[in-house]
Student: 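Please find one structure pasted underneath; my questions will follow.
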Protein chains: 2
Amino acid sequence: MSSKIKPIKSVSLVEQVEQRILEFLKENRFKSGDSLPGEIELAENLGVSRNIVRESLSRLRMLGVVESKKRKGMFIAEPDILSGIERIMDPDLLGEEAMQHIFELRLVLEVGMSELLFIRKKDSDVNSLQEIVDREANDPLCKTELQTRLAYEIEFHSYLYKMSGNGTLNRFQSMLLPVFHYMMQQESKSAAEPVRGTVSHNDLVETLRNGTAYEFREHMRNHLTPHFSKLS
Amino acid sequence: MSSKIKPIKSVSLVEQVEQRILEFLKENRFKSGDSLPGEIELAENLGVSRNIVRESLSRLRMLGVVESKKRKGMFIAEPDILSGIERIMDPDLLGEEAMQHIFELRLVLEVGMSELLFIRKKDSDVNSLQEIVDREANDPLCKTELQTRLAYEIEFHSYLYKMSGNGTLNRFQSMLLPVFHYMMQQESKSAAEPVRGTVSHNDLVETLRNGTAYEFREHMRNHLTPHFSKLS
DNA sequence: TATTTAAAATATGTCCTACATATAAAATTA
DNA sequence: TAATTTTATATGTAGGACATATTTTAAATA
């Protein structure tokens, strides 16, 4: 009858303390480098044991919000947005739905990235890309070995992220690699033949060299067609 | 002379244990719902105190990798990719560089998202968007109040993420909101006049209704021109 | 016997105390 | 004064104790 009775919020003390500390930091405009109250002081003021405070701080340390040195105490650091994600980005840990979301995210990023690439590309970058493509073209294993093709595929696209000049974006993509790898192997298993887009890596480099951001965007979209066509 | 002497890796026990447990879970192919060894057993097998194990598990709990119930013990859950990010996505905590990266990320996402939108858009979605646009057009405050304009801007773009049909993407954007808000206020402070793109929200809705993914992508790129033009 | 009620067992949650360790700061010595 | 040693202090680690919730088991009641 009352199947959706209110679940009393029994958040653990650790979680509460974690939130309180974060609030405390935000409200008081703590800046990178500022030093925090010690663990015992925090524990006393919060009315909990030092253990609880330590677990909370351990979480914040993991996120890069705080750092701590032996005698000096703790101080604020600039948190790393990706440090949390980094630990769990693994096909063995993530669920199917999350994997699908991430794979789609990759497609979105690579199509949308074009503008950044044209703002920040350097000639040396384009040459490096060309070198990758040439190496791929001359590698006899590419014809037979799926793993080899995958490796070149990943190397090429990874370099694009690096070229974006957005460090967060670049690191993010490197974390996604295991997921890409997994998903693309799944794809090549299910699909009988590896459908290839009409735009090759070589075409993309050429566009990057002499084309426009607009053209590159559409070429990339085309290059990724095999993946997009599997969405629903 | 030897200014870059190798810093001996003195990772804390907690961090080591955290890694070991994660490895353990991956290698043994733990699936969602499987139960974990108890804290004391883990502590004994790892040769550390229960405190250390608890701090490590607390981190994993935060990431959603494990859940725990009072007498039942701990079991595997599907980790939430975003739970780590969620806590620190705040202009008061993040550094300038991270904020810039995130802002760029938003631009990349919205341009690249077009394909997903056209695969998953429903008529009701387009109508909802239209409703937002109409409300914006008829709101007299829009002319004078920056905050009001910002609110509509955010409401409109947020709805696009929801339409993408990618829950992770959608949640991600909702976390980015505070950062957007901050960055756009910064923009409107610095720039004397708020440069507007030639493509309006209304145009975007029209394209979504009768256009193609390709057109929408370019219109969105155009709509975001004021932001892109500030990049370097 | 079947059903309800009460007790016991157990794994996590919280608290406490003690000690180890590293290091900044103070005191000592050359 | 400068180099050295000592001391003080905040985090890091350990281990024990009890609280709490919930499953399982046993007991009691109809």
Side-chain angles (χ1 to χ4, degrees), chain A residues 3 5-22 24-25 30 32-77 79 83, chain B residues 5-22 24-25 28 30 32-77 79 83:
Chain A
S3 64
I5 189 97
K6 57 172 179 181
I8 286 187
K9 62 165 176 182
S10 98
V11 242
S12 74
L13 263 184
V14 173
E15 208 154 334
Q16 293 180 51
V17 168
E18 181 199 339
Q19 291 303 327
R20 290 285 286 275
I21 294 180
L22 273 177
F24 175 69
L25 298 183
F30 273 79
S32 190
D34 293 354
S35 65
L36 262 71
E39 294 175 348
I40 48 314
E41 188 181 338
L42 282 173
E44 281 171 5
N45 290 337
L46 288 164
V48 296
S49 79
R50 191 179 156 219
N51 252 331
I52 302 295
V53 173
R54 274 194 62 82
E55 274 193 42
S56 306
L57 289 172
S58 183
R59 292 177 169 196
L60 298 185
R61 241 189 317 272
M62 178 180 74
L63 297 176
V65 177
V66 311
E67 291 179 359
S68 46
K69 286 219 162 67
K70 265 297 169 66
R71 134 124 197 179
K72 215 175 176 183
M74 289 179 304
F75 48 91
I76 301 291
S83 69
Chain B
I5 188 100
K6 56 174 178 180
I8 285 188
K9 60 168 174 182
S10 100
V11 245
S12 74
L13 263 185
V14 173
E15 208 154 334
Q16 294 181 51
V17 169
E18 182 199 338
Q19 292 302 328
R20 290 285 285 275
I21 294 180
L22 273 178
F24 174 70
L25 298 182
N28 295 69
F30 272 80
S32 190
D34 293 354
S35 65
L36 262 73
E39 294 174 348
I40 48 319
E41 188 182 337
L42 283 173
E44 282 171 4
N45 290 337
L46 288 164
V48 297
S49 80
R50 192 180 156 220
N51 257 334
I52 302 296
V53 172
R54 273 193 64 81
E55 273 193 44
S56 305
L57 289 172
S58 182
R59 292 177 169 197
L60 298 186
R61 241 189 316 273
M62 177 180 77
L63 297 176
V65 178
V66 310
E67 291 180 0
S68 46
K69 285 219 163 66
K70 266 294 169 71
R71 135 125 196 180
K72 219 174 174 182
M74 289 181 302
F75 48 92
I76 300 293
S83 70

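Chain letters run A, B, ... following the sequence lines, proteins first, then strands; residues in each count from 1.
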Student: So, for A/Leu57 and A/Val66, which heavy atoms are closest and what is the spacing to 0.1 Å?
Tutor: O-CG2, 4.2 Å
Student: Quick one: does B/Gln16's side chain have a donor or acceptor within less than 3.5 Å of a partner on B/Val11's backbone?
Tutor: yes
Student: Just by protein heavy atoms under 4.0 Å, how would nucleotides 4-9 of chain D read 5' to 3' in B, S and -?
Tutor: ----BB
Student: Search all heavy atoms of A/Ser83 against all heavy atoms of A/Met62 and return the closest pair with its distance.
Tutor: OG-O, 3.0 Å
Student: Would you kindly give the NZ-to-P distance between A/Lys72 and D/dG12, to the nearest whole Å?
Tutor: 14 Å
Student: Report the distance from atom CD of B/Glu41 to atom CG of B/Leu46, rounding to the nearest 0.5 Å.
Tutor: 10.0 Å
Student: Go through C/dT12, D/dT13, D/dG12 for me and flag the one nearest to the B/Leu13 side chain.
Tutor: D/dT13
Student: With the threshold set at under 4.0 Å for non-hydrogen atoms, list the residues of residues 34-57 of chain A touching DNA chain C in residue-number order.
Tutor: A/Val48, A/Ser49, A/Arg50, A/Asn51, A/Ile52
Student: A/Lys69 or B/Met74: which one's nearest nucleotide on DNA chain C is closer to the 5' end?
Tutor: B/Met74
Student: Report yes or no: do B/Ser56 and B/Glu18 form a side-chain donor-acceptor pair below 3.5 Å?
Tutor: no
Student: Closer than 4.0 angstrom, basic N to acidic O: yes or no for B/Arg61 and B/Glu67?
Tutor: no
Student: Could you give the distance from CG (A/Leu22) to CZ (A/Phe30), rounded to the nearest 0.5 Å?
Tutor: 12.0 Å
Student: Any side-chain N or O of B/Ser68 less than 4.0 Å from the OP1 or OP2 oxygen of C/dA11?
Tutor: no
Student: Out of curiosity, A/Leu63 CG to B/Arg59 CZ, how far, rounded to the nearest 0.5 Å?
Tutor: 8.5 Å
Student: Nearest-Å distance, CZ (A/Arg61) to P (D/dA10)?
Tutor: 16 Å
